[in-house]
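Below is one structure, written out as structure tokens; the observations come after it.
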Amino acid sequence: MYSRDTKVMGNIMQEGVLWQSVLGEIELSISRASYVTWFKNTQMIRNKNGIVVVGVPNVFIKQQLERKFNDLIVDTLKKNGIDSIKVEYKIVSLDKNKTRSEDIMILNENQPTKQKNSGSSLSHKYRQGLNEKYTFDNFIVGAGNELAYAACQAIVANPGKKYNPLFLYGGVGIGKTHLIQAVGNSVLNKNPDARVVYASTEQFVQEFVDALRFKKNTDFAGFYRGADVLIVDDVQFLAGKEKIQEEFFHTFNALHQANKQIIISSDKPPREIPTLEERLRSRFVWGMSIDMQNPDFETRCAIIQTKASGHGLELSPQVVEYLANYVQTNIRELEGALNQLLAFCEMRELEPSLEVTSSLLGSGKARPKHISPKQVIEKTAKYFQITIEDIIGPKRDKDIVVPRQIAMYILRSELHLSFPKIARELGRKDHTTAIHSIDKIEKESILNNSIKLAISKIKERLYV
Ligand code: ADP
Ligand code: MG
């Protein structure tokens with residue numbers, strides 16, 4: 001489709017233009033947040049003999065493009081005249097002069113952004129309570145937080161204009177604090193003079209109490225009412241504190257009337273916060289309230305990969321999936337599990353393999369509750385290619401007894417069932433059988449590789 005003259009042009013040039021056109025179309029067909037997260041920093045590296053190579057900045061974007069967006073990319077290439085046989089994704093390092101957080105800010109608004117003012121914003125008295133580690137850059141967007149992310153980005157582009165107040169709510173450890181802190185940091189990066197205040201509700205309460213006690217009420221009120229962006233985390237803690245609710249109400253009104261941005265987070269929606277004054281409740285829903293949902297499996301995988309590569313480590317897909325199944329809702333716990341694994345491996349100079357991961361995390365701690373004894377027995381029987389009747393029945397052949405003992409062991413180590421209950425599940429009358437079996441497998445699993453492997457494979461199948 002190219003003329004001779006065009007062919008003379010450098011290939012890179014052609015590929016750049018072509019890719020821009022592909023990106024332009026993709027941008028229109030998916031959400032803004034997805035586009036920014038997954039496509040913004042991609043480039044076309046090669047287009048030859050039906051193979052298109054796309055450069056991506058990191059492994060999780062690579063996987064996401066492969067798994068979720070490959071069809072879209074192939075189709076869009078086709079529309080642009082490239083009938084590629086295959087698209088390959090390759091990790092390449094980004095242009096070092098361009099940091100991603102700056103990119104995001106530029107994307108938000110087509111206005112010139114201020115250069116980062118080295119450190120000066122840090123000392124500003126209004127840079128209160130913000131932790132620089134929380135950025136948009138290291139926040140993974142996926143189903144569950146996409147909407148909240150987009151709203152927060154819109155606020156950075158135009159504080160006080162669009163979603164005011166923004167009320168984010170959702171369970172523990174799903175990224176509320178991270179996201180609202182990222183707004184504060186990003187606003188300050190753009191405008192180091194902005195008066196951004198981040199306060200936990202507990203802090204707000206404490207300062208209010210102190211102000212009353214030391215009769216410095218005016219300072220307290222003035223400080224909060226002087227903010228351009230006020231971020232108050234965990235407002236469920238206002239429940240039952242009437243005096244403070246009243247103070248908060250006035251602060252809210254003053255800021256809102258002056259078109260200053262207010263961002264609030266809570267672990268539940270306003271209507272479910274007990275003993276919250278009606279007038280405050282109604283204010284909270286004036287702007288936009290967004291329910292942050294638990295991260296889905298792919299988002300959890302992406303978070304694990306990013307955090308692991310932050311530690312300079314690339315985990316195998318099996319380990320990533322194991323972790324993503326191990327913790328399903330709380331990202332703080334997910335990070336905890338990952339850190340535990342990394343520390344364990346570092347101390348023992350081990351590779352974080354699936355075996356290591358499952359034996360470390362599979363022991364001790366409370367496990368997700370959704371696994372039933374029946375599933376354990378089923379998966380064990382299936383692994384050894386015997387029937388459930390065999391495993392719970394009377395047969396005493398070795399190739400049935402060992403699987404039975406392993407099933408008992410897993411019921412104990414994973415589900416923490418009592419010995420009598422374990423015995424009953426496997427059709428045994430005497431609970432000492434369970435005690436002996438579990439003890440035996442526990443010992444053998446250290447020396448006998450095939451038993452060790454069986455346990456880890458069965459567990460893997462239970463959790464995936
Ligand atoms: P919440 O305030 O909702 O209880 P946090 O914002 O404190 O949760 O998040 C808990 C931890 O998980 C933090 O370390 C945060 O950085 C991390 N986290 C949460 N969501 C994400 C995400 N989407 N991408 C990367 N890290 C996340
Ligand atoms: Mg929080």
Side-chain angles (χ1 to χ4, degrees), residues 31-34 36-38 40 57-61 63-64 68 100-101 104 129-153 155 166-186 197-205 230-239 263-269 272-273 289-311 313 315 320 323-324 326-343:
S31 77
R32 180 91 188 134
S34 289
V36 171
T37 314
W38 307 117
K40 179 61 184 83
N58 58 43
V59 62
F60 74 90
I61 291 186
Q63 290 193 351
Q64 196 73 358
K68 243 177 121 174
R100 288 202 47 211
S101 57
I104 288 173
L130 286 178
N131 184 335
E132 286 189 314
K133 78 172 189 187
Y134 295 119
T135 64
F136 284 127
D137 205 16
N138 59 18
F139 188 83
I140 310 298
V141 185
N145 63 29
E146 214 171 30
L147 196 60
Y149 177 86
C152 285
Q153 293 250 305
I155 285 176
L166 174 67
F167 191 101
L168 288 187
Y169 63 94
V172 180
I174 59 169
K176 300 183 296 295
T177 298
H178 187 137
L179 208 46
I180 61 185
Q181 286 247 353
V183 174
N185 284 322
S186 194
V197 179
Y198 167 92
S200 66
T201 298
E202 283 127 318
Q203 181 190 334
F204 186 85
V205 169
L230 175 64
I231 305 168
V232 182
D233 208 352
D234 290 321
V235 286
Q236 73 272 9
F237 293 128
L238 281 181
I263 303 172
I264 299 163
S265 87
S266 164
D267 68 352
K268 35 178 116 53
E272 284 171 23
I273 303 177
S289 3
I290 297 178
D291 180 4
M292 284 179 76
Q293 309 269 348
N294 292 334
D296 64 1
F297 179 72
E298 279 165 353
T299 312
R300 298 199 300 277
C301 287
I303 290 173
I304 294 161
Q305 272 159 341
T306 324
K307 307 253 163 183
S309 58
H311 289 93
L313 216 98
L315 297 174
V320 171
L323 288 167
Y326 179 75
V327 182
Q328 307 212 339
T329 55
N330 185 330
I331 296 168
R332 193 175 295 123
E333 278 179 17
L334 195 61
E335 283 181 342
L338 175 67
N339 290 339
Q340 202 186 335
L341 173 67
L342 298 184

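Start at 1 and go down the list; that is how both ligands and their atoms are numbered. Scope of the values below: all heavy atoms of this structure, side chains included, with no hydrogens, waters or symmetry mates. Nothing here was measured: the structure is a model prediction, and the numbers come from that model.
Note: Tyr149 and Phe136 have perpendicular aromatic rings, judged against thresholds of 30 and 60 degrees for the angle between ring planes.
Distance alone, capped at 3.5 Å, is enough to place a donor-acceptor pair between the Arg300 side chain and the Val327 backbone. Listed for the Ser265 side chain is a donor-acceptor partner under 3.5 Å among the backbone atoms of Asp234. Checking side-chain atoms of Gln181 against main-chain N and O of Gly129 turns up a donor-acceptor pair under 3.5 Å.
Distance check, rounded to the nearest 0.5 Å: CG of Leu342 to CG of Leu313 gives 6.0 Å. Atom OG1 of Thr299 sits about 10.5 Å away from atom CG of Asn294, to the nearest 0.5 Å. Rounding to the nearest 0.5 Å gives a distance of 10.0 Å between CG of Asp137 and OG of Ser186. Summarising the geometry, atom CG belonging to Asp267 is positioned 9.5 Å from atom CD belonging to Glu272; distances are rounded to the nearest 0.5 Å.
Only protein atoms were considered; those of element N, O or S under 2.8 Å from the Mg ion (ligand 2) number 1.
Side-chain contact annotation: Asp233 with Thr177, donor-acceptor N/O pair under 3.5 Å present.
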Nitrogen or oxygen contacts under 3.5 Å, ligand 1 side and protein side:
{"residue": "ligand 1", "atom": "2 (O)", "partner": "Thr177", "partner atom": "N", "Å": "2.9"}
{"residue": "ligand 1", "atom": "2 (O)", "partner": "Thr177", "partner atom": "OG1", "Å": "2.8"}
{"residue": "ligand 1", "atom": "3 (O)", "partner": "Ile174", "partner atom": "N", "Å": "3.2"}
{"residue": "ligand 1", "atom": "3 (O)", "partner": "Gly175", "partner atom": "N", "Å": "3.1"}
{"residue": "ligand 1", "atom": "3 (O)", "partner": "Lys176", "partner atom": "N", "Å": "2.9"}
{"residue": "ligand 1", "atom": "3 (O)", "partner": "Lys176", "partner atom": "NZ", "Å": "2.9"}
{"residue": "ligand 1", "atom": "4 (O)", "partner": "Gly173", "partner atom": "N", "Å": "2.7"}
{"residue": "ligand 1", "atom": "4 (O)", "partner": "Arg332", "partner atom": "NH2", "Å": "3.2"}
{"residue": "ligand 1", "atom": "6 (O)", "partner": "Lys176", "partner atom": "N", "Å": "3.4"}
{"residue": "ligand 1", "atom": "6 (O)", "partner": "Thr177", "partner atom": "N", "Å": "3.1"}
{"residue": "ligand 1", "atom": "6 (O)", "partner": "His178", "partner atom": "N", "Å": "2.8"}
{"residue": "ligand 1", "atom": "7 (O)", "partner": "Arg332", "partner atom": "NH2", "Å": "2.8"}
{"residue": "ligand 1", "atom": "8 (O)", "partner": "Gly175", "partner atom": "N", "Å": "3.1"}
{"residue": "ligand 1", "atom": "14 (O)", "partner": "Glu335", "partner atom": "OE1", "Å": "2.9"}
{"residue": "ligand 1", "atom": "14 (O)", "partner": "Glu335", "partner atom": "OE2", "Å": "3.1"}
{"residue": "ligand 1", "atom": "16 (O)", "partner": "His178", "partner atom": "ND1", "Å": "2.6"}
{"residue": "ligand 1", "atom": "23 (N)", "partner": "Ile140", "partner atom": "O", "Å": "2.8"}
{"residue": "ligand 1", "atom": "23 (N)", "partner": "Asn145", "partner atom": "ND2", "Å": "3.4"}
{"residue": "ligand 1", "atom": "24 (N)", "partner": "Ile140", "partner atom": "N", "Å": "2.8"}
{"residue": "ligand 1", "atom": "26 (N)", "partner": "Lys307", "partner atom": "NZ", "Å": "3.0"}

